[in-house]
Amino acid sequence: MCGFVGFIDENDQTYDHRAAIIAMADAIAHRGPDSEGYFNDGRTALGFRRLAIIDLAGANQPLYNENRSLVLVFNGEIYNYRELRRQLIAAGHAFSTQGDAEVVLHGFEQWGEGVLDRLRGMFAFALYDTATGELFCARDTFGIKPLYYAVEGGRILFGSEIKGLLAHPHARRSLNERRLAHWLCMEYLPDEETLFEGVRKLPAGHWLRWRNGRAERGRWFVPRFAPDAGRSLEESAEAIEAALRESVAAHAIADVDVGCFLSAGVDSSLVAREAARIMEARAFTIGWGEGRFSELEAAATFARATGLPNEGRILGAEQFFASVPAVQYAMDEPLPNPSAVPLYHLCAMAAESVKVVLSGEGADELFGGYPYYQECLAFAPYMTVPAPARRALAAAARRLPEGTHGRRFLMRGAHPLPERYIRLEYNFPWAEALDLLAPELGARCAAAPTPWELAAPLFAEIEADEITAMQTADILTWMQQDILLKADKMSMASSLELRVPFLDREVFALASTLPVSQRVGRHETKPALRRAAARALPAATAARPKIGFTTPLAQWLREEPWATQVREVLNGDAARTFFRTDRLGALMDEHQRGVRSNMKKIWSAYCFLIWHEQYFG
């Protein structure tokens with residue numbers, strides 16, 4: 001687990017390339033405090049910061065092939081590297097390390113781009129051919145590891161974090177203002193753009209090639225579900241238990257201590273239980289002084305039942321608010337998901353004891369864990385009503401008072417799935433986001449495609465039932481741009497490697513074949529995974545409903561001094577540049593009076609402004 005940066009400059013030799021690549025690598029030193037390494041041939045420069053996990057002394061990077069014609073910088077872990085290593089040695093390749101990254105280097109020599117289909121793991125890498133001058137980059141199937149790039153003229157910058165690119169002397173630092181309304185709606189940009197003008201993210205399951213001063217991109221993996229209706233629930237549960245056991249064993253490979261994150265939920269408990277079976281792992285839990293939000297007691301009960309040492313800490317409001325600037329800086333792009341803050345502290349706590357942790361991300365997307373997937377079952381009969389009739393009923397429902405039973409159902413039921421997909425207006429409705437922005441900025445954002453127009457091509461390529469389509473859309477957007485990005489950035493901020501056994505090639509192969517009814521039921525989310533949990537976990541843990549990483553933030557925003565602290569930011573000079581501050585003030589007033597909970601909206605604007613101060617202040 002590491003970080004890398006690099007650039008190719010076809011034209012400009014007037015600046016010190018070595019100083020530039022060192023500055024870029026220094027900007028991501030937190031990703032790899034154990035060692036650093038560089039390549040520079042006057043045209044191309046690569047920088048690397050290492051967090052040593054496997055072959056602690058010998059696997060420093062950059063790595064070279066036998067005749068030094070290929071140079072590799074790699075971030076991630078390849079869990080089947082021993083098998084691939086044996087195959088490559090049998091094919092005549094000579095290895096210089098015992099690490100996992102070198103199989104990517106020799107695998108590319110042997111199989112070209114086909115090496116990607118053989119890799120089981122999480123990764124982003126850049127491979128430079130000194131003979132042809134070509135650069136080849138790739139990102140793993142689900143986007144567990146990030147990769148950014150920026151192209152301007154004959155120059156490409158690339159790396160594991162945006163702040164590494166920004167450290168280049170010719171990098172542009174400009175806000176992508178025309179996408180701000182999209183960000184307010186979704187809390188991320190669902191496509192390749194970022195909130196930095198000109199900086200792009202390589203999507204999961206894609207490769208990037210730079211040759212002759214031009215970039216081209218291709219897709220090598222598409223997540224597809226192919227349900228097998230012939231498998232019983234009990235057979236599925238047994239298969240899930242076996243697949244997860246094998247995946248946790250693969251993800252536990254390391255030459256350093258390995259721990260695991262533990263909430264009171266099913267997903268992390270299953271991972272922790274399997275970890276406890278095969279090694280002397282430790283578990284880490286963060287909680288709140290406000291008992292109804294805290295999972296400390298339930299996690300400790302589970303840990304005692306499984307004999308797993310568990311360390312828990314309480315996070316208070318003062319620590320929470322004090323760390324928001326550090327969290328937003330670490331994220332590169334603003335992220336208003338409140339769970340990022342406790343995750344930041346959880347990672348810092350774990351990093352005091354271990355270098356690697358296993359976590360439960362991805363289970364909800366693969367196995368059907370979000371309650372809003374159940375909406376599809378409720379809407380299914382209504383969708384048989386002709387669309388004109390549904391639109392007429394929606395128009396009538398809009399005239400009913402807010403809170404009227406059935407009003408929301410009728411209004412949402414007028415739209416097909418690509419228009420009512422919940423992530424498109426997760427924080428702000430589109431019209432409200434445009435109205436919140438300063439008038440000139442709002443007008444520029446209004447000229448961009450609507451969230452539904454952005455989503456239409458995504459859903460058009462997904463040929464599946466509504467539940468499967470929503471899961472696939474989540475895998476390609478929400479999971480990649482929020483869940484996994486947060487996991488990577490918060491863990492690496494503390495020089496901690498976070499591994500996700502659910503997001504494994506073999507586990508997905510199984511999850512993708514589950515019948516829809518075993519992923520989402522009318523009265524239960526992820527039935528097959530819960531059945532597997534019932535076989536393996538204490539009854540109270542297996543039956544625990546989906547809660548998520550909840551915080552007392554809504555409550556704190558009604559209390560002092562936090563309400564005043566947030567109000568001051570929402571009414572500051574930067575706020576007046578981007579927002580109609582009277583609208584922000586009204587949101588705070590409503591929230592503090594208890595008229596409605598505006599926590600997500602308030603926190604979105606606040607996090608954006610704190611982030612903006614870190615990068616543009």
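Bear in mind that the values here come from a model prediction, so they are computed numbers and not experimental data.
A salt bridge links E375 to R412: at least one charged side-chain nitrogen sits closer than 4.0 Å to a carboxylate oxygen. Salt-bridge check for R535 with E241: passed, with a basic side-chain N closer than 4.0 Å to an acidic carboxylate O.
Checked against ring pair (Phe, Tyr, Trp, His ring centres under 6.0 Å), F579 has the following partners two or more places apart in sequence or in another chain: F608. Judged as a side-chain hydrogen bond (donor to acceptor under 3.5 Å, both in side chains), and not counting sequence neighbours, E524 has no contacts. For Y372, the ring pair (Phe, Tyr, Trp, His ring centres under 6.0 Å) test picks out Y370, with sequence neighbours left out. Judged as a ring pair (Phe, Tyr, Trp, His ring centres under 6.0 Å), and not counting sequence neighbours, the contacts of F321 are W562, W603. Partners of L570 by side-chain contact (heavy atoms from CB on, under 4.5 Å), not counting sequence neighbours, listed by chain and number: V566, L584, M588, I602, A605, Y606, L609. With sequence neighbours left out, E235 forms a side-chain hydrogen bond (donor to acceptor under 3.5 Å, both in side chains) with S232. For the side-chain contact (heavy atoms from CB on, under 4.5 Å) test, residues two or more places apart in sequence or in another chain that qualify with E361 are S359, I483, L484, A487, L498, V500. Among residues two or more places apart in sequence or in another chain, the side-chain contact (heavy atoms from CB on, under 4.5 Å) test is passed with P418 by P416, F459. In this structure, the ring pair (Phe, Tyr, Trp, His ring centres under 6.0 Å) partners of F616, at least two apart in sequence or on a different chain, are F196, W611, H612. For E506, there are no side-chain hydrogen bond (donor to acceptor under 3.5 Å, both in side chains) partners, not counting sequence neighbours. Residues meeting the side-chain hydrogen bond (donor to acceptor under 3.5 Å, both in side chains) test with Q518, sequence neighbours left out: S236.
For residues 459-469, every residue pair satisfying the salt bridge (Lys or Arg N to Asp or Glu O under 4.0 Å) rule, not counting sequence neighbours, is listed here: R219-E461, R420-E466.
Remark: R423 is not positioned above the aromatic ring of Y421, lacking an NZ or CZ atom under 6.0 angstrom from the ring centre and at most 45 degrees off the axis.
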